[in-house]
Amino acid sequence: MNVFRFLGDLSHLVAIVILLLKIWKTRSCSGISGRSQILFAIVFTTRYLDLFSNFISVYNTSMKIVYITCSYATVYLIYGKFKATYDFNHDTFRIEFLLVPSAILAFLVNHDFSPLEILWTFSIYLESVAILPQLFLVSKTGEAETITSHYLFALGSYRLLYLLNWLWRYFSQGFYDLIALLSGILQTVLYCDFFYLYISKVLKGKKLSLPA
Amino acid sequence: ADGDALHDEL
């Protein structure tokens, strides 16, 4: 475990908790894409199926449980408890266009043609594009609440920190995983314009609004 | 499981 990976996991955890708290405290999921949250729940489910069969460390198992629990709780809050505040008019990105290609690619390009490995690969490909419905929603509404932009910044930073973690592991252990690396690069690239807006606007106290 | 199939990252 190196510092980049630890900070990456921390950033990911902060993002997930920020979102859950935002919805719970404001009792509203306005500006949040339920579809992205469904995709994240699928990502964690398909990636952590080895939760009980494959013990790596207390840290690893407990973080997986937290991620899965929080992601399902978030989906429940959006589509269950606070569905009256769900912005279904704008949250219209066709997630089947993300699910099907990820599934096909997972069958074609993977490290090992076993069920667990193909599901892991599917979760990696899906995670790289899972934020698209959320970014699409922000672009359609033209703005995002400040707390939502903090959520997106933490979420985007997590995979950026993982890229640094893989760089570190390559030079220190000669370890690399092209599937995770290339997906992580795509995932991080999708946040670039958001990162620019966040740093140039939100950090100066302005609201995150996209140029109309 | 052999090394590479074992994913130790989250």
Side-chain angles (χ1 to χ4, degrees), chain A residues 1-2 4-6 8-13 16 43-44 46-51 53-57 59-68 110-121 123-124 127 158-159 161-163 165-166 168-169 173-181 183-184, chain B:
Chain A
M1 166 74 83
N2 60 63
F4 297 114
R5 189 168 137 212
F6 177 70
D9 289 341
L10 197 61
S11 184
H12 197 185
L13 183 66
I16 290 172
V43 165
F44 291 136
T46 53
R47 188 175 304 179
Y48 301 152
L49 287 173
D50 63 349
L51 180 61
S53 64
N54 176 3
F55 180 79
I56 291 171
S57 68
Y59 170 81
N60 187 276
T61 300
S62 48
M63 287 292 270
K64 285 177 177 177
I65 292 171
V66 168
Y67 285 177
I68 288 176
N110 53 60
H111 292 310
D112 179 36
F113 203 76
S114 67
L116 263 184
E117 190 62 22
I118 286 180
L119 283 169
W120 176 86
T121 310
S123 85
I124 291 288
E127 187 191 7
Y158 130 71
R159 215 58 179 172
L161 286 161
Y162 255 71
L163 293 179
N165 151 59
W166 288 322
W168 177 280
R169 290 188 74 178
Q173 305 159 359
F175 166 89
Y176 67 93
D177 175 347
L178 274 184
I179 287 177
L181 178 65
S183 304
Chain B
D2 56 336
D4 69 330
L6 187 71
H7 299 293
D8 65 346
E9 294 179 340
L10 286 172

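Because the structure is predicted, anything quoted here is derived from the model rather than measured. A, B, ... follow the sequence lines: proteins, then strands. Residue 1 opens every chain.
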**Item:** side chain to side chain contact (heavy atoms under 4.5 Å, CB included), paired with B:Leu10, selected from A:Arg47, A:His12, A:Lys64, A:Arg5
**Value:** A:Lys64

**Prompt:** For the candidates A:Trp166, A:Tyr59, A:Tyr67, which exhibits the highest count of non-hydrogen atom pairs separated by less than 4.5 Å from chain B?
**Reply:** A:Trp166

**Item:** Portion of A:Asp9 that has a non-hydrogen atom of chain B nearer than 4.5 angstrom
**Value:** side chain

**Message:** What verdict does the side-chain contact (heavy atoms from CB on, under 4.5 Å) test give for B:His7 and A:Asp177, after you've listed the backbone C-alpha separation in whole Å, the side-chain angles of each residue and the deciding distance to 0.1 Å?
**Reply:** CA-CA 10 Å; B:His7 299 293; A:Asp177 175 347; 4.2 Å; yes

**Request:** Answer yes or no: does atom OH of A:Tyr176 have more than 12 heavy-atom neighbours from other residues, nucleotides or ligands under 6.0 Å?
**Result:** no

**Item:** Heavy-atom proximity to chain B below 4.5 Å, by part of A:Tyr48
**Value:** side chain

**Complete:** Shortest non-hydrogen pair, A:Asn60 vs B:Asp8, comes out as ND2-O, 3.3 Å

